S.K.: 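Below you'll find the structure I mean.
Values in this document were obtained by computation on a predicted structure and should not be read as measured data.
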Amino acid sequence: MSFFEELTVGKLTVTSGGSPAGSTLGAPASGTLSVVHELTGIVNRSTFTLTNASIPVTDAAGSGSYGTLKLFTLPAGAVSYLGCRQNYTAFSEGAALTGAAGDAAFVIGVGSAALAAAADGALTTTSVDIGSATATITLSGGTGVGTKTNFTATAIDGTSTNATFNLNWSGSAATIDATSTIGVTGTITVLWSLLGDD
């Protein structure tokens, strides 16, 4: 049964052990990522649960730092993202991330493309066109929270290159001292609709 045929199932839980045909769940280097798809065939809701899911962080010195965890790849087809709610409840820094452990300042959001370059604690355009960037989160002793809800529709032509959900992270140059990782705990819910394939 293909992913599109499964759109009528109603509820589909995907863990790191498998995905519907033509789709792929992301795989953090450590921690866990799972998703529950509530599928109607018209408007669908995907809820991602992250438990200390690791995002690799690349330090670009004075330009800040950046990292991406691919959450999910849909089968080929155009898709419209209708809204997103992000609720982050905890973060854990890799040992080398900051000189003073627990002081990282960053923003995080969900985009149709992976973040490809440092932006000194900022996210724009396709790095946050699904889920807008949070307000700056500054960790205190390694803990911090952030919530963001947005309802801006974005249409992606995924007929030749499959559409994806990407969790993007941008740290400030002032607080990130090395290439490392950051672990993310929380949930991300996305409303989306399929627009068809060629």
S.K.: Taking transitive links into account, so neighbours of neighbours count too, which hydrophobic residues share a cluster with V128 at under 4.5 Å side-chain distance?
M.R.: Y66, V107, L115, L123
S.K.: Any chance you could measure L191, atom CG, to E38, atom CD, to the nearest 0.5 Å?
M.R.: 9.5 Å
S.K.: Rounded to the nearest 0.5 Å, how far does CG of L71 lie from OG1 of T164?
M.R.: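 Interatomic distance, T164 OG1 to L71 CG, rounded to 0.5 Å: 9.0 Å.
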S.K.: So, S46 and W192: side-chain donor and acceptor under 3.5 Å apart, yes or no?
M.R.: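 A pair is found: one side chain offers a donor N or O, the other an acceptor, under 3.5 Å apart.
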S.K.: Hey, is the main chain of D59 close enough, under 3.5 Å, to the side chain of T179 for a donor-acceptor pair?
M.R.: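 Pair found, side chain donor or acceptor close to backbone of D59.
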S.K.: Using the side-chain contact (heavy atoms from CB on, under 4.5 Å) rule, take N166 and F72 through it: C-alpha gap first, then chi angles, then the decisive distance, then the call.
M.R.: CA-CA 7 Å; N166 299 280; F72 200 77; over 6 Å; no
S.K.: Please report the interatomic distance OG(S193) to CG(L82), rounded to the nearest 0.5 Å.
M.R.: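 Output value for this atom pair is 4.5 Å.
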S.K.: Do T181 and V57 come close enough that some side-chain heavy atom pair is under 4.5 Å?
M.R.: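 The answer is no; the side chains never approach within 4.5 Å.
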S.K.: Apply side-chain contact (heavy atoms from CB on, under 4.5 Å) to residues N52 and T32 and explain how you reach the verdict.
M.R.: CA-CA 7 Å; N52 204 26; T32 62; over 6 Å; no
S.K.: How close do P28 and S54 get, counting heavy atoms only, and between which atoms?
M.R.: CB-N, 3.7 Å
S.K.: Compare every heavy atom of V190 with every heavy atom of F165, then report the nearest pair and how far apart it is.
M.R.: CE2-CG1, 3.5 Å
S.K.: Any chain of hydrophobic side-chain contacts (each under 4.5 Å) joining I137 to L167?
M.R.: yes
S.K.: As an exercise, state the distance from CD1 of I108 to CG of N168, rounded to the nearest 0.5 Å.
M.R.: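 I108 CD1 to N168 CG: 8.5 Å, rounded to 0.5 Å.
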S.K.: Looking only at heavy atoms, what is the nearest atom pair of A96 and A178, with distance?
M.R.: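 Taking A96 first and A178 second, the nearest heavy atoms are O-CB, 3.0 Å.
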S.K.: Answer whether the closest heavy-atom distance between the side chains of I188 and C84 falls below 4.5 Å.
M.R.: yes
S.K.: Short question: side chain of T161, backbone of G158 - any donor-acceptor pair under 3.5 Å?
M.R.: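 A pair under 3.5 Å: no.
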S.K.: For A163, check side-chain contact (heavy atoms from CB on, under 4.5 Å) against everything at least two apart and list the hits.
M.R.: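 Listed in chain order: L74, V79, Y81, I156.
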S.K.: Any sub-3.5 Å donor-acceptor pair from Q86's side-chain atoms to S132's backbone N or O?
M.R.: yes
S.K.: Could you state whether L195 and I42 fall into the same hydrophobic cluster, counting links through intermediate Ile, Leu, Val, Met, Phe, Trp or Tyr residues with side-chain heavy atoms under 4.5 angstrom apart?
M.R.: no
S.K.: Output yes when a side-chain donor or acceptor of T175 lies under 3.5 Å from a complementary backbone atom of A104, and no otherwise.
M.R.: no
S.K.: Quick one: closest heavy-atom pair of A61 and A173, and the distance?
M.R.: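 Residues A61 and A173, closest heavy atoms: O-CB, 3.5 Å.
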S.K.: Looking at side-chain heavy atoms only, is the closest gap between T134 and F106 below 4.5 Å?
M.R.: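 The answer is no, as the side chains (C-beta and beyond) never meet within the 4.5 Å cut-off.
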S.K.: Could you walk me through whether T51 and V184 pass side-chain contact (heavy atoms from CB on, under 4.5 Å), step by step?
M.R.: CA-CA 6 Å; T51 304; V184 181; over 6 Å; no
S.K.: With rounding to the nearest 0.5 Å, note down the distance linking CG in D157 to OG in S112.
M.R.: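 It comes to 11.5 Å.
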S.K.: Over all heavy atoms of both residues, which pair between L33 and L25 is shortest? Give the atoms and the distance, please.
M.R.: O-CD2, 3.5 Å
S.K.: Can you sort out the partners of T147 under side-chain contact (heavy atoms from CB on, under 4.5 Å), two or more places apart, ordered by chain and number?
M.R.: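 With neighbours one apart ignored, the set is R85, N87.
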S.K.: Rounded to the nearest 0.5 Å, what separates atom CD1 in I176 from atom OG in S65?
M.R.: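 The distance works out to 4.5 Å.
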S.K.: Please lay out, stage by stage, how W169 and T68 fare under the test side-chain contact (heavy atoms from CB on, under 4.5 Å).
M.R.: CA-CA 6 Å; W169 184 92; T68 295; over 6 Å; no
S.K.: State, to 0.1 Å, how close A118 and A60 come at their nearest heavy-atom pair, and which atoms those are.
M.R.: CB-CB, 3.6 Å
S.K.: Any heavy-atom pair between the side chains of T126 and T154 that's under 4.5 Å?
M.R.: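 Sidechains of T126 and T154: no contact.
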